[in-house]
Q: 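To start, I am sharing the structure in question, which I have written as structure tokens.
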Amino acid sequence: MTSVRRDPEAEPVRPTAEDAVAAAGSELIGGPAGRRALLGGSWWTPVRIIALVAIGMFALGMVQKIPCYNGGWFSSVTGQYTHACYSDIPHLYAGRGFAENVVPYFHRIPGAADGMDYLEYPVLTGLFMEVASRLTPHGGSLQHQEQIYWMVNAGMLMVCAAVVAVCVSRTHRRRPWDALLVALAPAFALTATVNWDLFAVALTAIGMLMWSRGRPLAAGVFLGLATAAKFYPILLLGAVLVLCLRAGRLRAFGTALGGALGAWLVVNVPVMISSRGGFHIREGWLAFYTFSRDRPVDFGSVWLVISQRTGSSLDNVNLYATLLMLLACAGIAALALCAPRRPRLAQIAFLVVAAFVITNKVYSPQYVLWLIPLAVLARPRWRDFLVWQACEVMYFLGIWMYLAYIGSGDKHRGLPPEGYQLAIIVHVLGTLYLCALVVRDVLVPERDVVRRDGSDDPSGGVLDRAPDVFVLGEARHAPAYEGPARVEWGVRRE
């Protein structure tokens, strides 16, 4: 009988072998895998296990919404807040005219209670909402229709959750088990059906996977589609630009940019341009951009804390937020160009999106979904990830308790403004904590757990193991790693 020798480079990295928290947590299912354990040799591959775990956690998140589904969304102003099960989905079914078959962007919403004349979401998200509306039977009571509409959206978003988990597990080829952090993230389950953000997150995850496979055109197309569903994915192109500049891969960036722009135009132009009475920009298409521009300081932002503490309305918040974001981006770009070894794409992408989240004038609780996949790829350490998730769960509970407080009138049942301000600060500090660890990994690459086996940038695609051609300052040589890859990255090309 001949023995089969396994290539250690082809085997997936086991978190229980390198992460003490993961090893301790594995005791719930029998303990860490042994050194001779055969992983991925049957139908139960890591990717399939992670997808099923993600679906299971998503289902638990749906169960958490049962108090609202059974009446909290319809019969009580504060019940949906005290049970922390609020969702925009059932409310906007009638509030944005889907119950009356209003076509988003083309038809004005009749008698919207909050004064919105048109749907205030990007085009691809509007299409997602419209498809769910078409799948919802428009018979029976309005409450029944809203319940079914939420269930239809939840089913579609569950597919998105599985896509995110699968893409993250396949982005780093040797580290599929890191995606368990996505699947098990408590904030992921709690916020998945609050709004439609998970659709854009899924498209972004596909874009990141395509880039890691060295397919910049496909990556750009999916990032363009993601930007047509939510604004934040366009920030990832900035991360790609800086790293491609350092590696001399600007052609790949141009390909990705062209794919993104083309995909965005294909989705938006048919809705954006109206030919009635001459070609002009459709008012319904502009609603998202005018709403984003005119929106005042809102929930979850540091600007709200400043506004409440000072009594100022901060009328120039758009200017302040933009300047602060530009300053943060300049710092991240300098970090990427001056670091001793070129940072990994996931690290810079996480820092840019985190900067946008912190400096923005609003932070809705579901925005954490933007960061979770990037955080897992940038810093796959269970302890640090769970610390950050604990902060996000505290904020998730804090915003609903605060809304219960301001919605209960003189009874003031819930969290007062001072408590909510503390919840915002906890969320910001938790995000900054994870950012600080990622920055440390960039400056001291030997602390980066992904690179400990000699890897360079498993999600970098054309950037992976590419020599540098443009470095600011005197980039030192990073110490050689003990591992299969023996490449000195971060070296100037003569």
Q: Go through it in stages, so that I can follow the logic: the residues are Phe385 and Trp388, the test is ring-ring contact (aromatic ring centres under 6.0 Å, His included), and I'd like the CA-CA distance, side-chain angles, deciding distance and then a yes or no.
A: CA-CA 5 Å; Phe385 184 84; Trp388 171 58; 5.6 Å; yes
Q: Less than 4.0 Å between a side-chain N and a carboxylate O, is that true for Asp453 and Arg174?
A: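 A salt bridge is present here (some side-chain N lies under 4.0 Å from a carboxylate O).
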Q: For Tyr86 and His91, I'd like to know if the aromatic rings sit close, meaning centre-to-centre distance below 6.0 Å.
A: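 Close enough - the centres of the two rings lie under 6.0 Å apart.
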Q: To the nearest 0.5 angstrom, please state how far the CG atom of Leu209 sits from the OG atom of Ser169.
A: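 Rounded to the nearest 0.5 Å, the CG-OG separation comes to 8.5 Å.
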Q: Is any side-chain heavy atom of Trp303 less than 4.5 Å from a side-chain heavy atom of Asp298?
A: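 Contact flag for Trp303/Asp298 side chains = no.
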Q: Quick one: closest heavy-atom pair of Leu235 and Val353, and the distance?
A: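 Leu235 and Val353 have their closest heavy atoms at CD1-CA, 4.4 Å.
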Q: Is a donor on one side and an acceptor on the other found under 3.5 Å between the side chain of Asn153 and the backbone of Ala132?
A: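 A pair under 3.5 Å: no.
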Q: Quick one, Trp196 and Leu92 - any side-chain contact, counting heavy atoms below 4.5 Å?
A: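 A side-chain contact exists here, since the closest heavy-atom pair is under 4.5 Å.
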Q: Give a yes or no on whether the ring-centroid distance for Tyr405 and Tyr81 is below 6.0 angstrom.
A: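 Between Tyr405 and Tyr81, the centre distance exceeds or equals 6.0 Å.
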Q: Does either side chain, that of Asp88 or that of Gln366, offer a donor lying less than 3.5 Å from an acceptor on the other one?
A: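 No, no side-chain donor-acceptor pair sits under 3.5 Å.
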Q: Return yes if some donor-acceptor pair links the side-chain N/O of Trp211 with the main-chain N/O of Val240 below 3.5 Å, else return no.
A: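 Judged by distance alone, no pair lies under 3.5 Å.
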Q: Begin with the C-alpha distance, continue with both residues' side-chain angles, and end with the deciding distance and a verdict on side chain to side chain donor-acceptor pair (under 3.5 Å) for Asn195 and Tyr121.
A: CA-CA 11 Å; Asn195 200 279; Tyr121 288 88; 2.9 Å; yes
Q: Could you walk me through whether Trp370 and Tyr367 satisfy the ring-ring contact (aromatic ring centres under 6.0 Å, His included) test, starting with their C-alpha distance in whole Å, then the side-chain angles of each, then the deciding distance to 0.1 Å, before giving a yes or no?
A: CA-CA 6 Å; Trp370 306 355; Tyr367 288 2; 4.2 Å; yes
Q: For the pair Arg451 (side chain) and Glu446 (backbone), establish whether a donor and an acceptor sit closer than 3.5 Å, ignoring hydrogens and angles.
A: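 No; zero donor-acceptor contacts below 3.5 Å.
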Q: Go through Asp441 and Arg447 one step at a time and tell me if the salt bridge (charged side-chain N to carboxylate O under 4.0 Å, His left out) criterion holds.
A: CA-CA 5 Å; Asp441 289 346; Arg447 299 294 296 269; 5.7 Å; no
Q: What verdict does the ring-ring contact (aromatic ring centres under 6.0 Å, His included) test give for Tyr363 and Tyr395, after you've listed the backbone C-alpha separation in whole Å, the side-chain angles of each residue and the deciding distance to 0.1 Å?
A: CA-CA 10 Å; Tyr363 180 76; Tyr395 175 74; 5.4 Å; yes
Q: Would you say CZ of Arg213 has more than 12 non-hydrogen atoms from neighbouring residues, nucleotides or ligands within 6.0 angstrom?
A: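 Atom CZ in Arg213 is packed in, count exceeds 12.
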Q: Between the side chains of Arg96 and Glu120, is the shortest nitrogen-to-carboxylate-oxygen separation below 4.0 Å, so that they form an ion pair?
A: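 Salt bridge flag = yes for Arg96 with Glu120.
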Q: Side-chain contact, heavy-atom cut-off 4.5 Å: Pro233 with Leu203?
A: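 No - every pair of side-chain heavy atoms lies 4.5 Å or more apart.
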Q: Between Arg452 and Asp448, is any pair of side-chain heavy atoms under 4.5 Å apart?
A: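 Arg452 does not reach Asp448 side chain to side chain.
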Q: Can you confirm whether Arg440 is buried at CZ, in the sense that more than 12 heavy atoms of other residues, nucleotides or ligands lie under 6.0 Å from that atom?
A: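 Yes - once you tally the heavy atoms of other residues, nucleotides and ligands closer than 6.0 Å, there are more than 12.
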Q: What pairs of residues pass the side chain to side chain donor-acceptor pair (under 3.5 Å) test when at least one of them lies in residues 315-324, not counting sequence neighbours?
A: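 Listed once each, the pairs are Ser313-Asp315, Asn318-Lys361.
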Q: State plainly whether the residues Arg379 and Asp384 are in salt-bridge range, i.e. N to O under 4.0 Å.
A: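 Yes.
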Q: May I ask you to decide if Ala466's main-chain N or O and Arg342's side chain share a donor-acceptor pair within less than 3.5 Å?
A: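 Yes, Arg342 side chain to Ala466 backbone: donor-acceptor pair under 3.5 Å.
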Q: Do the charged groups of Asp456 and Arg465 touch, with an N to O distance under 4.0 Å?
A: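 Answer for the salt bridge query: no.
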Q: For the pair Thr191 (side chain) and Val194 (backbone), establish whether a donor and an acceptor sit closer than 3.5 Å, ignoring hydrogens and angles.
A: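 Not a single qualifying donor-acceptor pair exists.
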Q: Can a donor-acceptor pair be found between the side chains of Ser455 and Asp457 at a distance below 3.5 Å?
A: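 No.
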